[in-house]
Amino acid sequence: YMDYLYTERNISGKTYNNYKGIAVGIWNWLIEHLYCKVNPFLTVKKMQEEKKKRQIIDPETRVRIKDRLIRENKKGYLAMVMLCFHGLIRPKEICLLKPDNIRLNDRIVFLTKDMTKDKDDRIVSISNELMKYLVDLKIETIPKDHYIFSSGFKPGKKLIDSRPCLLYT
């Protein structure tokens, strides 16, 4: 099974190790509940994981992206990009933002522990550059139960998927 995953499905070392961990856990449960006696995945060795590859977007490309989004009147998407870039907020956290999370008068974005990856509250300062795009969203007019970024990157009740391949089409 592990050979199939690695060769046929062409998965990375990290994904391989994740699958191995899940299989070990399942087989341990089977042993605990007396369905079998041996865990065959304990003999499977972990694979070496590659370092995450990050691509730095040069200043000229950032300006082109910003200009295009402004030209195409995609202010919601531009605000999302700016929250990622200037606020270092994860896409999933941005998708969960509601009007109460953005406090323009205090110049902060408040992320509650149920929104963050590490399950801690977090306060993000709003830079001057970011403030311009957040003001354009007219957050004070958005109903409190709506997400700031929903379908079409406009406010709405529907939570959108934060995975990049599904965000911008």
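Basis for what follows: all heavy atoms, side chains included, without hydrogens, waters or symmetry-related copies.
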Student: For L111, run the side chain to side chain contact (heavy atoms under 4.5 Å, CB included) check against L96, N101, L97, D121 and tell me which one passes.
Tutor: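 Answer after filtering L96, N101, L97, D121: L97.
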
Student: Okay, side chain of N39, backbone of W27: is any donor-acceptor separation there less than 3.5 Å?
Tutor: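 Here the side-chain-to-backbone pair does not exist.
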
Student: Any donor-acceptor pair under 3.5 Å linking the side chain of E93 with the backbone of R90?
Tutor: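 Between the backbone of R90 and the side chain of E93 there is a qualifying donor-acceptor contact (under 3.5 Å).
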
Student: At what distance, to the nearest 0.5 angstrom, does CE of M47 lie from NZ of K20?
Tutor: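 Output value for this atom pair is 12.5 Å.
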
Student: Could you tell me whether K98 sits above the aromatic face of Y147, with NZ or CZ closer than 6.0 angstrom to the six-membered ring centre and within 45 degrees of the axis?
Tutor: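 Judged by the rule (NZ or CZ under 6.0 Å from the ring centre, within 45° of its axis), K98 counts as positioned above Y147.
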
Student: Test R9 against Y4 for side-chain contact (heavy atoms from CB on, under 4.5 Å), laying out the working first.
Tutor: CA-CA 7 Å; R9 299 238 346 246; Y4 158 76; 3.5 Å; yes

Student: Could you tell me whether E50 and K14 have a side-chain N and a carboxylate O separated by less than 4.0 Å?
Tutor: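 Judged by the 4.0 Å cut-off on N to carboxylate O distance, E50 and K14 do not form a salt bridge.
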
Student: Taking atom CD of E129 as the centre, does the number of heavy atoms from other residues, nucleotides or ligands within less than 6.0 Å exceed 12?
Tutor: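 Buried by this count: over 12 neighbours within 6.0 Å.
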
Student: Take atom CG of D67 as the centre, draw a 6.0 Å sphere, and report whether it contains more than 12 heavy atoms from other residues, nucleotides or ligands.
Tutor: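 Yes, the 6.0 Å shell around CG holds more than 12 heavy atoms from other groups.
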
Student: Starting from F85, can I reach F153 by hopping between I/L/V/M/F/W/Y residues whose side chains sit under 4.5 Å apart?
Tutor: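 Different hydrophobic clusters.
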
Student: Parallel, tilted or perpendicular: which fits the ring planes of Y19 and Y1, with parallel below 30° and perpendicular above 60°?
Tutor: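 Because their plane-to-plane angle is over 60°, the rings of Y19 and Y1 count as perpendicular.
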
Student: Hey, is the main chain of I108 close enough, under 3.5 Å, to the side chain of D106 for a donor-acceptor pair?
Tutor: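 No, the answer is negative, given that no donor and acceptor are paired below the 3.5 Å cut-off.
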
Student: Within the distance-only criterion (no hydrogens, no angle test), does the side chain of T61 pair as donor or acceptor with the backbone N or O of I57 below 3.5 angstrom?
Tutor: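 A pair under 3.5 Å: no.
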
Student: Between R64 and E60, does at least one N-O distance fall below 4.0 Å, as a salt bridge requires?
Tutor: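 Salt bridge absent between R64 and E60.
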
Student: With side chains defined as the heavy atoms from C-beta onward, is the minimum distance between M115 and K92 less than 4.5 Å?
Tutor: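 No. Closest side-chain heavy atoms not under 4.5 Å.
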
Student: Please check this pair: side chain of H33 against backbone of W29, looking for a donor-acceptor N/O pair closer than 3.5 Å.
Tutor: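 It does hold such a pair.
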
Student: More than 12 non-hydrogen atoms from neighbouring residues, nucleotides or ligands closer than 6.0 Å to OH on Y6, yes or no?
Tutor: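 Not buried by this count: 12 neighbours or fewer within 6.0 Å.
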
Student: Is the NZ or CZ atom of R122 both under 6.0 Å from the centre of the six-membered ring of F110 and within 45° of that ring's axis?
Tutor: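 No - R122 does not lie over the ring of F110 by the 6.0 Å and 45° rule.
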
Student: So P155 and S150, do their side chains get closer than 4.5 Å, heavy atoms only?
Tutor: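 No. Closest side-chain heavy atoms not under 4.5 Å.
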
Student: Around atom NZ of K138, are there more than 12 heavy atoms from other residues, nucleotides or ligands closer than 6.0 Å?
Tutor: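 12 or below, so no.
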
Student: Does a donor on one side chain and an acceptor on the other come within less than 3.5 Å for T15 and N18?
Tutor: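 Their side chains do not contain a donor-acceptor pair, so the 3.5 Å distance test is not met.
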
